Amino acid sequence: MTSFFEVKNLQVTYPIHGGILGRQVGAIHAVEDVSFHILKGETVGLVGESGCGKSTLGKSLLKLIPANRGEVLFENQNILALNRNEFQPFRKRIQMIFQDPYSSLNPRMRIGDILEEPFTIHGLCPKAERKDKVIELLQIVGLRPECYEKYPHEFSGGQRQRIGIARALAVRPDFIVADEPVSALDVSIQSQILNLLNRIQNDMGLTFLFISHDLNVIRYFCDRIIVMYLGRVMEILTRDELLDPHFKKHPYTEALLAAAPRAHPDKVRQVKPLKGDIPSPAHPPSGCVFHTRCPEAKDICRQQIPLLKNKVACHFRERDEKTVA
Ligand SMILES: Nc1ncnc2c1ncn2[C@@H]1O[C@H](COP(=O)(O)OP(=O)(O)OP(=O)(O)O)[C@@H](O)[C@H]1O
Ligand SMILES: [Mg+2]
């Protein structure tokens with residue numbers, strides 16, 4: 001099957017400035033040599049601890065943050081190489097849902113105007129028809145037509161996130177990057193928003209990159225999962241592989257699973273949750289970036305960077321190509 005979306009050897013760094021002259025003295029390696037693909041209609045999860053580069057990766061796919069190196073192929077076109085005008089038609093097709101429903105909506109604009117804005121920006125649908133389109137969008141995300149006249153402060157967090165989702169859907173995108181869309185919400189509201197996203201994905205056949213630090217959310221929602229640590233991909237696995245206790249996973253994936261709250265706490269857990277903090281991305285460890293926290297680390301892990309081979313980047317998880325989904 002051909003890839004709908006493909007990322008090749010992507011690198012994104014943030015400069016660190018210092019001294020009285022404010023010169024660049026170093027760099028934060030937020031995304032390092034990341035490669036993966038997404039098929040049309042697939043929901044792919046991106047999981048990893050806070051600060052591992054998930055949001056940076058997501059934003060760089062929409063060119064909101066510039067990449068230093070690598071390619072982002074959308075239907076085989078490298079969108080990183082396009083100028084502003086050339087990128088415009090792609091910009092409409094890729095939308096982002098942001099983590100914080102409180103700060104992502106302009107408090108001075110009515111909901112109707114917020115949702116009409118994407119039509120204006122992209123010159124879609126005649127002005128006279130826009131109000132009807134917005135009301136249709138409000139209905140899709142489970143909000144009443146009266147919301148058109150209201151302001152963001154009149155809504156709860158869950159309702160604001162519904163508005164954020166409606167805004168992303170306004171231009172009928174093909175691909176949505178959802179960056180922690182439920183992490184700022186109460187647990188009871190989280191499942192409503194996840195159900196809404198699931199329904200939208202099924203009804204509209206959208207392709208999703210779903211970013212979360214919560215494996216429980218990821219395993220509910222995603223067909224395949226990319227596990228990231230300190231800017232690098234550690235493993236890519238299917239939901240079935242993630243849930244299969246006999247499938248030998250990357251030690252980091254095992255540790256993330258061990259740390260996630262479980263539905264069946266009575267079952268014995270064999271892997272100890274991770275100890276210690278994630279190292280600084282300004283000075284990533286040599287060799288395998290996970291070696292400083294890995295219970296299985298050997299000399300080779302300190303010396304050689306393991307390549308992502310057959311969907312796993314670990315010197316001690318060699319996988320047969322035929323067994324990989
Ligand atoms: N604008 C910025 N300037 C400098 N460094 C940044 C900037 N944004 C992020 N970083 C750094 O880049 C690294 C990756 O950050 P990023 O926000 O992508 O992580 P994340 O996985 O999304 O974390 P979280 O789960 O907390 O949202 C972190 O070390 C962060 O401090
Ligand atoms: Mg983030």
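When a ligand or atom number is given, it counts from 1 through the structure's own listing order. Because the structure is predicted, anything quoted here is derived from the model rather than measured. Note that the numbering runs from 1 along the sequence shown for the chain.
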Practice prompt. Indicate whether any N or O donor in one side chain lies under 3.5 Å from an N or O acceptor in the other, for Q303 and S286.
Written response: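 There is no such pair between these side chains.
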Worksheet item: Looking just at side-chain N and O atoms, do T207 and E42 make a donor-acceptor pair shorter than 3.5 Å?
Response: no
Discussion item. Tell me whether the count of non-hydrogen atoms from other residues, nucleotides or ligands lying under 6.0 Å of CZ in R302 goes above 12.
Written reply: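 Atom CZ in R302 is packed in, count exceeds 12.
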Can an N or O of [X] be found at a distance shorter than 3.5 Å from an N or O of ligand 1?
{"X": "H213", "answer": "no"}
{"X": "Q99", "answer": "no"}
{"X": "L57", "answer": "no"}
{"X": "A30", "answer": "no"}

Counting non-hydrogen protein atoms only, what is the nearest one to [atom]? Give residue, atom name and distance.
{"atom": "atom 14 (C) of ligand 1", "answer": "G51 O, 3.4 Å"}
{"atom": "atom 26 (O) of ligand 1", "answer": "S50 OG, 2.5 Å"}
{"atom": "atom 1 (N) of ligand 1", "answer": "Y14 CE2, 3.7 Å"}
{"atom": "atom 25 (O) of ligand 1", "answer": "K54 NZ, 2.8 Å"}
{"atom": "atom 27 (O) of ligand 1", "answer": "S55 OG, 3.9 Å"}

Should the proximity of [X] to ligand 1, defined as any heavy atom under 4.0 Å, be assigned to the side chain, the backbone, both, or neither?
{"X": "E180", "result": "side chain"}
{"X": "P281", "result": "side chain"}
{"X": "I28", "result": "side chain"}

Practice prompt. May I ask you to say whether E318 pairs ionically with K311, meaning some side-chain N is under 4.0 Å from a carboxylate O?
Written response: no
Discussion item. Assess whether a salt bridge exists between R130 and E116, defined as any Lys/Arg side-chain N lying under 4.0 Å from an Asp/Glu carboxylate O.
Written reply: no
Discussion item. Can you tell me how the ring of F175 sits relative to the ring of F4, calling it parallel under 30°, perpendicular over 60° and tilted otherwise?
Written reply: perpendicular
Worksheet item: What orientation do H250 and F290 show, parallel under 30°, tilted 30 to 60°, or perpendicular over 60°?
Response: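 Tilted.
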Practice prompt. Measure from NZ or CZ of K298 to the centre of the six-membered ring of F316 and say whether it is under 6.0 Å with the direction within 45° of the ring axis.
Written response: yes
Worksheet item: Would one find an N, O or S atom of T56, in either backbone or side chain, under 2.8 Å from the Mg ion (ligand 2)?
Response: no
Item to complete: Please name the pair of heavy atoms, one in P251 and one in E296, separated by the smallest distance, quoted to 0.1 Å.
Response: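 Scanning both residues, the minimum pair turns out to be CG-OE2, 3.9 Å.
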Fill in: Under 4.0 Å to a heavy atom of T56 - the qualifying atoms of ligand 1, by number
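Close to T56: 14 (C), 15 (O), 16 (P), 18 (O).
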Worksheet item: Hey, does G48 sit under 4.0 Å from ligand 1 if you only count heavy atoms?
Response: no
Fill in: Partner of M204 by side chain to side chain contact (heavy atoms under 4.5 Å, CB included), out of I176, D174, L169
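Output: one option passes, namely L169.
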Worksheet item: Any non-hydrogen protein atom below 4.0 Å of atom 30 (C) of ligand 1?
Response: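 It does not; no protein heavy atom is within 4.0 Å.
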